[in-house]
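Any value given below was found using the heavy atoms of this structure, including those in side chains, with hydrogens, waters and symmetry copies removed. Chain A is the first sequence line, chain B the second, and so forth, proteins listed ahead of strands; every chain is numbered from 1. Source: prediction; values computed, not measured.
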2 protein chains.
Amino acid sequence: MARVAGVSLATASRVVSKSSYRVSDATRRKVESAVAELDYSPSALARALATRRSRLLGIVVGDITDPYFSEIARGVEDVARANGYLSIVCNTDRTASTELRYVEMLRDYHAAAVIFAGGGREDDRDRAALEHAVRQLEDRGTRVIALIPRDFPALGVGIDNRAACADLARHLIALGHRRIAYIDGPPGLTTSRLRMEGFRDTLAAAGLTPFAVFPGNYDYESGLEVAARIARDVLPDAVLASHDATAVGVLTGLQEFGIRVPDRLSVAGMGGLREAGLLGLTTVQFPMRRLGIEAARLALAEGETGPEPIVLPHELIARRSTAPRLTTRQTAGPTDVEGIL
Amino acid sequence: MARVAGVSLATASRVVSKSSYRVSDATRRKVESAVAELDYSPSALARALATRRSRLLGIVVGDITDPYFSEIARGVEDVARANGYLSIVCNTDRTASTELRYVEMLRDYHAAAVIFAGGGREDDRDRAALEHAVRQLEDRGTRVIALIPRDFPALGVGIDNRAACADLARHLIALGHRRIAYIDGPPGLTTSRLRMEGFRDTLAAAGLTPFAVFPGNYDYESGLEVAARIARDVLPDAVLASHDATAVGVLTGLQEFGIRVPDRLSVAGMGGLREAGLLGLTTVQFPMRRLGIEAARLALAEGETGPEPIVLPHELIARRSTAPRLTTRQTAGPTDVEGIL
DNA sequence: CTGTTAGCGCGTTCAT
DNA sequence: ATGAACGCGCTAACAG
């Protein structure tokens, strides 16, 4: 193509790659017309090879199907696109080995940066291997960003899981509830631990002890099970689930037993899922998309940023699944119409 | 690295790239130990440049945040990973220009294949440009797969939008409903047209005419609006929404007006969203993940496949949002407990 | 301002 | 079975 333009490869490269080089308008025009004529487009691959810098951005998530992750990915992708980067999404299914494999592939493609969404596990046996792979990444010049908390050193951005759960607990206590049950997250996950700590500490500060702590898995089924158990046994004043999906499960399960929320007990979740809004579930909303955006900004930023992680604010959204304890409310009114649910 | 192995670059390449070449076990071992020692890994970029074939798979979606798309992406990614490919997801926001831009980037990276999820627009002014870009892709040897219907020629896989909507209409008619309203999808979308046709044709075949056809946008808000309109006016026997999100909007809106579903009227949606199950919404479930899987298989398949598109089956899931017309049902029973909704 | 040259890190002929 | 050389398409250094 440089040939049909009648110039040398170098000049052609200079105009095509928009390098801040001085090129006369005349030759520039010649090249441009040649480009148009040949329908030419430069090979990003070759460029990356020569530059040692690709414009590929890796984002490793647990499962893109999970609304949290897809929202994060969307945020990342938005700024990636704005900067001419392509986003590679990697589903790890929370499995260390596939996560590792992906990291290696991203390294082989000289990804400009990789963003680890999804928290780390605290019981990870492959941590050493991962840490090694991450180091390799950095050695090759790719930036690594982590949505904290993560089990390897990396600058990052995140949310305050502990504080969020604490806020929720305080909300429940403020409503007069004392016998508060908690549904834990998957064992070994850092976020599980943090949220649990937020719950326990807040209760302790109020001189309370948990009514019960049920195991959970950040999913719908966990909620159903808990609902069945408390329905057959003693009802707490409130149940705080460490995940919206679980809280929705509680709501559904309770309803099958004819136990009305919030009349008989309050229910709250965490995350800010669409379903939460739909069912009137009290929750804390996490700014997932912003999280992705900030992470991508960090990833693409030229200047080195300080090691202190950015912490984005969450928001407590009180809805009709939580209400003051021991209140006699009317069962009429627009917010309490019987639906098909 | 070939140096420390004590062999030539060629032999090293032969073992690293697993080429079906004859290499003696002795030298192979030498190379392998050198690889391990140096923590060496081949550059996928250089390989792609030399081979003229990358292991990058592009998947262009409307919005990864949309459960349909994320499910498709997941399916694609699953088979991509199994074959050692990386998946690049591109959010077009249903905008032709950004879709075009992405296609160009994917071409520059010599993507092995690109899968177009998300249907085409019928009013697309940039169709020519897109078609051109797609042709360029194919010229460079990248396969292009489309989740039909699409506005440019490509082999593909899809679902039968028309039949799905027809099934729903038949279901409603079989329940005895005659005055059936429809909520359309976004104008200009091929899927909108197809679904609408399925609805109209089925009604016509039964000697019925639509009670009303409301404009919609495949979203929640459209449903709310329709609910408000029919609540203040005459209630149809049933409303069929072209999208689950819209149907959920109808449900929510109706309930705010104290209109009980399915007592007063039936409601159905399309898609198979999680929320549909949660709220007991009758719908057709589309096998989105399978769609992605099949698309990826096509994309990665070596042999040429026939031009006839694969059509995956959908499934009508009748739930409690639809019921026979003019039936007096008791308002008790476990499926009809008043919830917080 | 523009042309020449030398890699980037691989795969792939050809010889040997 | 192995080694030498060339090319993939582009950028970067150095001349002119």
Side-chain angles (χ1 to χ4, degrees), chain A residues 1-35 38-56 84 104-112 136 139-142, chain B residues 1-35 38-56 84 86 104-112 136-137 139-142:
Chain A
M1 100 80 169
R3 203 178 52 233
V4 330
V7 297
S8 76
L9 278 63
T11 1
S13 169
R14 294 197 247 266
V15 7
V16 168
S17 64
K18 306 185 199 326
S19 93
S20 56
Y21 219 85
R22 292 141 306 218
V23 178
S24 77
D25 275 6
T27 43
R28 174 181 301 277
R29 240 182 295 281
K30 284 206 296 185
V31 174
E32 279 167 351
S33 73
V35 165
L38 298 192
D39 202 30
Y40 165 90
S41 64
S43 161
L45 249 39
R47 175 176 298 177
L49 183 58
T51 314
R52 301 165 144 294
R53 271 181 57 87
S54 80
R55 276 177 174 279
L56 298 175
E104 290 170 348
M105 294 183 69
L106 290 170
R107 130 165 87 55
D108 294 346
Y109 274 95
H110 275 95
Q136 269 188 104
D139 288 348
R140 291 217 182 180
T142 102
Chain B
M1 99 81 171
R3 201 177 53 236
V4 330
V7 296
S8 77
L9 281 65
T11 25
S13 169
R14 291 197 247 269
V15 6
V16 168
S17 64
K18 304 185 199 327
S19 92
S20 56
Y21 217 85
R22 292 143 305 220
V23 178
S24 78
D25 275 7
T27 43
R28 174 181 302 278
R29 239 182 297 281
K30 283 206 298 187
V31 175
E32 279 167 351
S33 73
V35 165
L38 298 192
D39 202 28
Y40 166 88
S41 64
S43 160
L45 249 39
R47 175 176 298 178
L49 182 58
T51 314
R52 303 165 142 295
R53 270 182 58 85
S54 80
R55 278 179 172 276
L56 297 175
L86 248 24
E104 291 169 348
M105 294 183 70
L106 290 171
R107 129 166 88 57
D108 294 346
Y109 273 95
H110 278 262
Q136 269 187 111
L137 274 180
D139 288 347
R140 291 215 183 180
T142 101

Fill in: N/O (side chain, A:S43) to phosphate O (OP1/OP2, D:dC10) under 4.0 Å
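No, outside the criterion.
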
> If only side-chain N and O atoms of B:T27 are considered, is one of them under 4.0 Å from the OP1 or OP2 phosphate oxygen of D:dT2?
Replying inline: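 So the side-chain polar atoms of B:T27 do come within 4.0 Å of the phosphate oxygens OP1 or OP2 of D:dT2, strictly under.
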
How sharply is the helix from C:dC1-D:dG16 to C:dT16-D:dA1 bent, taking the axes over five pairs at either end and rounding to 10 degrees?
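Helix axis angle between the two ends: 40°.
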
Starting at atom [atom1] of [X], determine the distance to atom [atom2] of [N], rounded to an integer number of angstrom.
X: B:H110; N: D:dC10; atom1: NE2; atom2: C1'; answer: 11 Å
X: A:K30; N: C:dG3; atom1: NZ; atom2: C1'; answer: 12 Å
X: A:L38; N: D:dG9; atom1: CG; atom2: C1'; answer: 15 Å
X: A:Y109; N: C:dC8; atom1: OH; atom2: C1'; answer: 17 Å
X: A:R140; N: C:dG9; atom1: CZ; atom2: P; answer: 9 Å

Those residues that, when tested against [X], pass side-chain hydrogen bond (donor to acceptor under 3.5 Å, both in side chains) (two or more places apart):
X: A:R140; result: B:S41
X: B:T27; result: B:S24
X: B:E32; result: none

Go through [options] for me and flag the one nearest to the [X] side chain.
X: A:S24; options: D:dG3, C:dT2, C:dC10; answer: C:dT2
X: A:R14; options: D:dT2, C:dC10, D:dA13; answer: D:dA13
X: B:S13; options: C:dG11, C:dG9, D:dG9; answer: C:dG11

If I take atom [atom1] from residue [X] and atom [atom2] from residue [Y], how far apart are they, to the nearest 0.5 angstrom?
X: B:T11; Y: B:K30; atom1: OG1; atom2: NZ; value: 8.5 Å
X: B:L56; Y: A:L56; atom1: CG; atom2: CG; value: 6.5 Å
X: B:L86; Y: A:M105; atom1: CG; atom2: CE; value: 4.5 Å
X: B:T142; Y: B:R107; atom1: OG1; atom2: CZ; value: 10.5 Å

Contacts under 3.5 angstrom, residues 44-53 of chain B side chains, donor-acceptor by atom type, not counting sequence neighbours:
residue	atom	partner	partner atom	Å
B:T51	OG1	B:R47	O	2.6
B:R53	NH2	B:Y85	OH	3.2

Any idea which heavy atoms bring A:S54 and A:A112 closest together, and the distance?
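Answer, listing the atom of A:S54 first, then A:A112: O-CB, 3.3 Å.
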
Heavy-atom contacts under 4.0 Å between residues 45-54 of chain B and DNA chain C, which residues?
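Within residues 45-54 of chain B, the residues near DNA chain C are B:A46, B:R47, B:A50, B:T51.
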
